[in-house]
Chemist: 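Can you keep this structure in mind? I'll have questions shortly.
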Amino acid sequence: MNSPAPGFDADVVFEGFLFDHAPDALLVYDFDAGRFVAANPAAAELFECSTEELLQLGPEEFHGEEFETLATTKIRLDAIALQVLAGQSVFHEICLRTAKGRERCCELRLEHLHDPLRRLIRASYIDVTDRINAQIELHKRKDQLAELSQHTQSVLDNVLEGIIVVDSDGCIQTFNKSATNIFGYTADEAIGSNVSMLMPEPDRSHHGRYMSRFESTGKARVVGVGRTTHAQHKSGRIFPIQLSLSAIQRRGRPMYVGLIRDISEDQEAQARIERLAFFDTLTGLPNRKQLMDQLADVRARQLKSRDHAVLIFADIDQFNSINSTLGHAAGDDLLCAIATRFSRCVNEHGMAARLGGDEFAFVIEGLGNDYEHALKSAAEWCQRLLNLSQRGFGLQGHDYRTSASLGALVFGPSEHTAEELIARADLAMHQAKSESRDTYRFYDAKLGREVIRKASLLNDLRLALPRKELMLMYQPQVSVNDHVVGAEALLRWRHPTRGLVSPADFIPLAEQSGFVIEIGRWVLKEACASLAQWRRQKETENLTLAINISATEFRSPDFVADVTKAISDAGVDPHCLKLELTESVLALDLDDLSCKLSELKRMGVGISLDDFGTGYSSIAYLRQLPIDQLKIDRSFIVELEHNERDETIVRGLIDLCQILGLSVIAEGVETELQRERLVACGCRLLQGYLTGAPMPLAQMSAMAETSGVPVKENAS
């Protein structure tokens with residue numbers, strides 16, 4: 001390929017030989033670089049400059065109109081280029097001015113070249129100047145005038161572009177069928193009329209002056225230059241056209257040949273593409289891309305005004321329940337209704353955007369230079385938006401009420417990027433959602449530091465398993481006769497620099513990230529290994545070991561298979577393994593939960609319900625699910641010796657379990673008085689610091705060996 005630009009791969013376009021020896025002028029235009037990156041010798045000949053010179057230029061150097069700057073020409077040509085990159089094929093006749101100032105008429109075809117790295121357009125020019133001149137010369141032959149006229153009209157009537165020939169007075173001489181389709185006038189109506197009737201104002205009024213100036217000075221506004229402009233239909237409708245106008249001589253008088261193409265559909269398609277790029281398809285609000293642009297504009301204006309602005313994120317509370325109960329169509333209706341309210345509220349004060357799902361964002365400017373005043377104004381805006389979200393909505397004949405959680409960030413001129421501003425407003429919104437919903441919270445640096453701390457902690461947690469930083473501690477479970485009957489395995493993390501990390505800090509992170517499933521598999525494996533070790537000694541062979549299972553683990557489709565594999569690999573008695581389920585597990589699909597528990601129960605694995613009475617408690621669960629044991633939460637134990645109501649609850653739970661045939665164990669037992677009250681209530685199994693703190697496996701084994709033969713757990 002002749003003189004390619006640096007870094008350009010000629011093979012992406014076509015073989016170099018074919019490119020260089022093609023008879024037509026061929027160029028490749030790099031849209032992002034804004035210049036030609038390849039040109040064959042025929043192109044250099046057409047544009048009357050070397051290929052090296054061509055590769056330093058863009059098309060605006062040859063296609064500019066008389067009154068256009070290079071920048072304006074580039075904007076117009078870029079619009080055409082975007083149509084090509086969007087998949088349209090552009091073909092029309094144009095006039096260009098070569099590097100030496102000569103005007104040439106060409107047929108131009110633009111096509112998108114698919115390249116994974118660059119946005120390339122191939123332009124092929126066929127010089128038809130001589131052909132047009134030759135056709136014009138035919139008009140000079142009087143003896144062939146009639147035949148040529150008939151032939152020309154036939155050609156004109158069968159081309160897609162509208163072709164109009166106008167004399168020096170502006171009267172239409174030729175009007176083909178395509179022109180009739182474009183403008184609505186028949187040839188009989190148009191021929192003999194002034195061409196200005198096809199123009200909207202102010203071009204219609206100024207047309208005579210344009211023609212006079214061209215004839216007297218030779219300076220043209222549109223002659224010889226392809227351009228996009230507007231025309232007027234017979235009905236009065238104004239629409240965009242692509243116009244290419246050439247001047248010719250006929251019998252010593254100038255004539256003007258116009259090629260017109262209606263580009264209404266092209267522009268509508270481009271508008272649809274732009275709308276998809278910048279607007280939400282459901283609500284019509286600006287999308288995230290336009291929000292980012294708006295934030296960039298606001299920050300640029302703030303450098304001069306020093307004003308504050310507020311960025312507000314809003315999330316509709318419990319929106320998924322609408323989709324679940326009323327259907328997605330109702331959910332969409334609600335989003336559209338809320339979007340309309342939000343948009344009207346913000347109106348001229350800023351922008352309302354939809355980010356996706358049930359999340360909206362607002363940018364409101366002009367809050368003043370004083371930060372405290374801006375903060376107060378931002379709070380007022382948040383309250384307005386909250387009030388709007390709380391009003392009733394008519395959905396499928398029902399009045400539905402909702403609320404929203406808002407996060408706000410007041411910002412002035414700063415070095416923060418738009419992405420950083422969005423991240424901070426999003427953090428504040430999630431803070432509002434986690435605290436109480438139906439409220440708003442402002443971002444503060446402490447919130448940001450907490451998020452960074454959690455992110456760092458989660459990253460370290462992912463490395464804890466391969467670094468062998470996780471360990472199990474064992475808290476004894478004993479009978480009222482002080483015999484150790486089993487233990488609960490408690491997960492601990494000994495970090496090399498953070499020290500002993502509290503489970504309250506890292507377990508929630510593991511559950512939120514889903515990493516708890518991998519940790520759970522490790523706990524299962526370690527617990528079964530401990531059971532296998534106890535099985536070797538007569539004093540410990542019947543000990544049970546309980547491990548906690550989270551809702552996230554239970555939701556995993558592989559959970560039962562993971563438990564089965566851990567038991568099989570260790571070769572332990574499944575009756576010695578006990579799974580403790582927190583009440584959050586009961587919020588899962590009850591059918592799926594019951595199915596998994598029943599399968600585990602058939603294997604012999606024990607099921608204990610932990611924290612009973614603190615969350616999703618229901619006696620129905622004790623009847624519906626195959627549970628072996630109920631664990632009374634420490635919150636009922638701590639005031640047991642002083643609070644008669646707590647003692648009544650504990651006694652009632654124990655009596656209920658006796659009726660249902662369930663074992664009962666009380667956790668958090670720390671004093672002798674608590675132990676005495678529990679025994680008086682009928683509880684026979686205890687766990688807590690009174691009977692033993694969490695300890696390493698070897699210490700736990702030694703304690704069990706010296707406590708005597710374990711009693712069975714089924715005594716309630």
Chemist: Is there a side-chain contact between Trp493 and Leu500 in this structure, where contact means two heavy atoms from C-beta onward sitting under 4.5 Å apart?
Modeler: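 Of all side-chain heavy-atom pairs linking Leu500 with Trp493, none is under 4.5 Å.
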
Chemist: Should the heavy atoms of other residues, nucleotides or ligands under 6.0 Å from CZ of Arg494 be counted, would the total exceed 12?
Modeler: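 Result for CZ/Arg494: open.
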
Chemist: Side chains of Phe442 and Leu409: closer than 4.5 Å at any heavy-atom pair?
Modeler: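 The answer is no, as the side chains (C-beta and beyond) never meet within the 4.5 Å cut-off.
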
Chemist: When you check the gap from the basic side-chain N to the acidic O, do Arg651 and Glu647 get nearer than 4.0 Å?
Modeler: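 Salt bridge: yes.
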
Chemist: Ring pair (Phe, Tyr, Trp, His ring centres under 6.0 Å) with Phe360: which residues, sequence neighbours excluded?
Modeler: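 Ring pair (Phe, Tyr, Trp, His ring centres under 6.0 Å) list for Phe360, sorted by chain: Phe342.
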
Chemist: Give a yes or no on whether a salt bridge exists between Asp482 and Arg675, defined as a side-chain N under 4.0 angstrom from a carboxylate O.
Modeler: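 Salt bridge: yes.
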
Chemist: If I compare all heavy atoms of Leu388 with all of Phe393, which pair ends up nearest, and what's the gap?
Modeler: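 Looking at all heavy atoms of both residues, the shortest contact is O-CZ, 4.2 Å.
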
Chemist: Go through the side-chain N and O atoms of Asp558 and Ser556 and say whether any donor and acceptor fall under 3.5 Å apart.
Modeler: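 There is no such pair (donor and acceptor under 3.5 Å, judged by atom type) between the side chains of Asp558 and Ser556.
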
Chemist: Does Lys433 come within less than 4.0 Å of Asp315, counting only side-chain N to carboxylate O?
Modeler: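 A salt bridge links Lys433 with Asp315.
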
Chemist: Out of curiosity, Leu543 CG to Arg535 CZ, how far, rounded to the nearest 0.5 Å?
Modeler: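 Reported to 0.5 Å precision, the distance equals 13.0 Å.
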
Chemist: Starting at CG of Leu291, measure out to CD1 of Ile422 and round the result to the nearest 0.5 Å.
Modeler: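 Leu291 atom CG to Ile422 atom CD1 measures 4.5 Å (nearest 0.5 Å).
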
Chemist: In plain terms, say whether Asp592 and Lys596 are close enough for a salt bridge, that is, a side-chain N and a carboxylate O under 4.0 Å apart.
Modeler: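 Judged by the 4.0 Å cut-off on N to carboxylate O distance, Asp592 and Lys596 do form a salt bridge.
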
Chemist: Could you go through Asn481 and Ser479, starting from their C-alpha distance and side-chain angles, then the distance that decides it, and tell me whether this counts as side-chain hydrogen bond (donor to acceptor under 3.5 Å, both in side chains)?
Modeler: CA-CA 5 Å; Asn481 299 321; Ser479 70; 4.5 Å; no

Chemist: Go through Ile665 and Gln629 one step at a time and tell me if the side chain to side chain contact (heavy atoms under 4.5 Å, CB included) criterion holds.
Modeler: CA-CA 7 Å; Ile665 184 170; Gln629 183 184 72; 3.5 Å; yes

Chemist: Are Thr439 and Arg441 close enough that a side-chain donor and a side-chain acceptor fall under 3.5 Å?
Modeler: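 Result is yes, a qualifying pair exists.
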
Chemist: Begin from the C-alpha positions of Met603 and Ile567 and carry the test side chain to side chain contact (heavy atoms under 4.5 Å, CB included) through to its verdict.
Modeler: CA-CA 10 Å; Met603 292 167 51; Ile567 292 173; 4.0 Å; yes

Chemist: Between Ser405 and Tyr440, does the side-chain hydrogen bond (donor to acceptor under 3.5 Å, both in side chains) criterion hold? Intermediate values first, please.
Modeler: CA-CA 6 Å; Ser405 300; Tyr440 62 89; over 6 Å; no

Chemist: Please report the interatomic distance CG(Asp426) to CG(Leu355), rounded to the nearest 0.5 Å.
Modeler: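 That separation rounds to 8.5 Å.
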
Chemist: For the residue pair Thr544 and Leu577, establish whether any side-chain heavy-atom pair is separated by less than 4.5 Å.
Modeler: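 Heavy-atom side-chain distance check fails, nothing below 4.5 Å.
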
Chemist: Measure from the side-chain N and O atoms of Ser568 to the backbone N and O of Thr564, and report whether any donor-acceptor pair falls under 3.5 Å.
Modeler: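 No, Ser568 side chain to Thr564 backbone: no donor-acceptor pair under 3.5 Å.
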
Chemist: Hey, could you give me the CZ/SG distance between Phe362 and Cys382, rounded to the nearest 0.5 Å?
Modeler: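 These two atoms lie 9.5 Å from each other.
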
Chemist: Which heavy atom of Ala529 sits nearest to which heavy atom of Ala570, and what is that distance?
Modeler: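 Taking Ala529 first and Ala570 second, the nearest heavy atoms are N-CB, 4.4 Å.
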
Chemist: Are the side chains of Leu386 and Asp438 in contact, using a 4.5 Å heavy-atom criterion?
Modeler: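 When only atoms from C-beta onward are counted, Leu386 and Asp438 do touch, with a gap below 4.5 Å.
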
Chemist: Do Thr691 and Val669 come within less than 4.5 Å of each other through their side chains, counting heavy atoms only?
Modeler: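 Heavy-atom side-chain distance check fails, nothing below 4.5 Å.
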
Chemist: Strictly under 6.0 Å, is that where the ring centroids of Phe411 and His416 end up?
Modeler: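 No, the ring of Phe411 stays outside the 6.0 Å limit from the ring of His416, centre to centre.
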
Chemist: What's the separation between atom CD1 in Ile607 and atom CG in Leu579, rounded to the nearest 0.5 Å?
Modeler: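 Rounded to the nearest 0.5 Å, the CD1-CG separation comes to 4.5 Å.
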
Chemist: How many angstroms lie between OG in Ser389 and CG in Asp317, if you round to the nearest 0.5 Å?
Modeler: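 Between atom OG of Ser389 and atom CG of Asp317 there are 7.5 Å.
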
Chemist: Write down the atom of Pro694, the atom of Leu490, and the distance for their closest heavy-atom approach.
Modeler: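 Taking Pro694 first and Leu490 second, the nearest heavy atoms are CG-CD1, 3.6 Å.
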
Chemist: Can a salt bridge be assigned to the pair Glu359 and Arg354 using a cut-off of 4.0 Å between side-chain N and carboxylate O?
Modeler: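 Answer for the salt bridge query: no.
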
Chemist: Do you see a donor-acceptor pair shorter than 3.5 Å between the side chains of Asp573 and His575?
Modeler: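 Yes - a donor-acceptor pair under 3.5 Å links their side chains.
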
Chemist: Ignoring hydrogens and geometry, is there a side-chain-to-backbone donor-acceptor pair from Ser530 to Glu526 under 3.5 Å?
Modeler: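 Side chain of Ser530 to backbone of Glu526: a pair is present.
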
Chemist: Counting distance only, does the side-chain N/O of Gln475 pair as donor-acceptor with the main-chain N or O of Gly692 below 3.5 Å?
Modeler: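 Flag set: sc Gln475 to bb Gly692 pair under 3.5 Å.
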
Chemist: Indicate whether any N or O donor in one side chain lies under 3.5 Å from an N or O acceptor in the other, for Glu667 and Gln687.
Modeler: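 There is no such pair (donor and acceptor under 3.5 Å, judged by atom type) between the side chains of Glu667 and Gln687.
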
Chemist: Indicate the atoms forming the closest heavy-atom contact of Leu421 with Leu311, along with that distance.
Modeler: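 Nearest pair, atom of Leu421 first, then Leu311: O-CD2, 3.5 Å.
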
Chemist: Could you note down all residue pairs passing salt bridge (Lys or Arg N to Asp or Glu O under 4.0 Å) where residues 455-471 supplies at least one of them, sequence neighbours left out?
Modeler: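 Qualifying pairs, neighbours excluded: Asp460-Arg498.
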
Chemist: Ignoring hydrogens and geometry, is there a side-chain-to-backbone donor-acceptor pair from Gln674 to Glu670 under 3.5 Å?
Modeler: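 Such a contact is found between Gln674 side chain and Glu670 backbone.
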
Chemist: Is any side-chain heavy atom of Met700 closer than 4.5 Å to one of Trp534?
Modeler: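 Sidechains of Met700 and Trp534: in contact.
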
Chemist: Between Phe506 and Arg492, what is the shortest heavy-atom contact and its length?
Modeler: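 Heavy atoms of Phe506 and Arg492 come nearest at CZ-C, 4.5 Å.
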
Chemist: What closest approach, in Å, do Ala666 and Leu678 show between heavy atoms, and which atom pair accounts for it?
Modeler: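 Closest heavy-atom pair between Ala666 and Leu678: CB-CD1, 3.7 Å.
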
Chemist: Filter on side-chain hydrogen bond (donor to acceptor under 3.5 Å, both in side chains), then keep only pairs touching residues 514-525, sequence neighbours left out; what's left?
Modeler: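 For residues 514-525, and leaving out neighbouring residues, the side-chain hydrogen bond (donor to acceptor under 3.5 Å, both in side chains) pairs sorted by first residue read Arg521-Asp562.
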
Chemist: Ignoring hydrogens and geometry beyond distance, is a side-chain donor-acceptor pair present between Thr283 and Asp280 at under 3.5 Å?
Modeler: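 Per modelled atom types, Thr283 and Asp280 side chains form a pair under 3.5 Å.
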
Chemist: Evaluate the criterion side chain to side chain contact (heavy atoms under 4.5 Å, CB included) for residue pair Leu690 and Thr671; output intermediate values, then yes/no.
Modeler: CA-CA 6 Å; Leu690 178 66; Thr671 69; 5.9 Å; no

Chemist: Is any side-chain heavy atom of Leu385 less than 4.5 Å from a side-chain heavy atom of Gln383?
Modeler: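 Counting from C-beta outward, Leu385 and Gln383 never come under 4.5 Å.
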
Chemist: Begin with the C-alpha distance, continue with both residues' side-chain angles, and end with the deciding distance and a verdict on side chain to side chain contact (heavy atoms under 4.5 Å, CB included) for Lys578 and Gln477.
Modeler: CA-CA 12 Å; Lys578 183 166 57 179; Gln477 295 179 340; 3.4 Å; yes

Chemist: Less than 4.5 Å apart, any side-chain heavy atom of Val516 and any of Ile507?
Modeler: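 Side chain of Val516 against side chain of Ile507, heavy atoms only: no contact under 4.5 Å found.
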
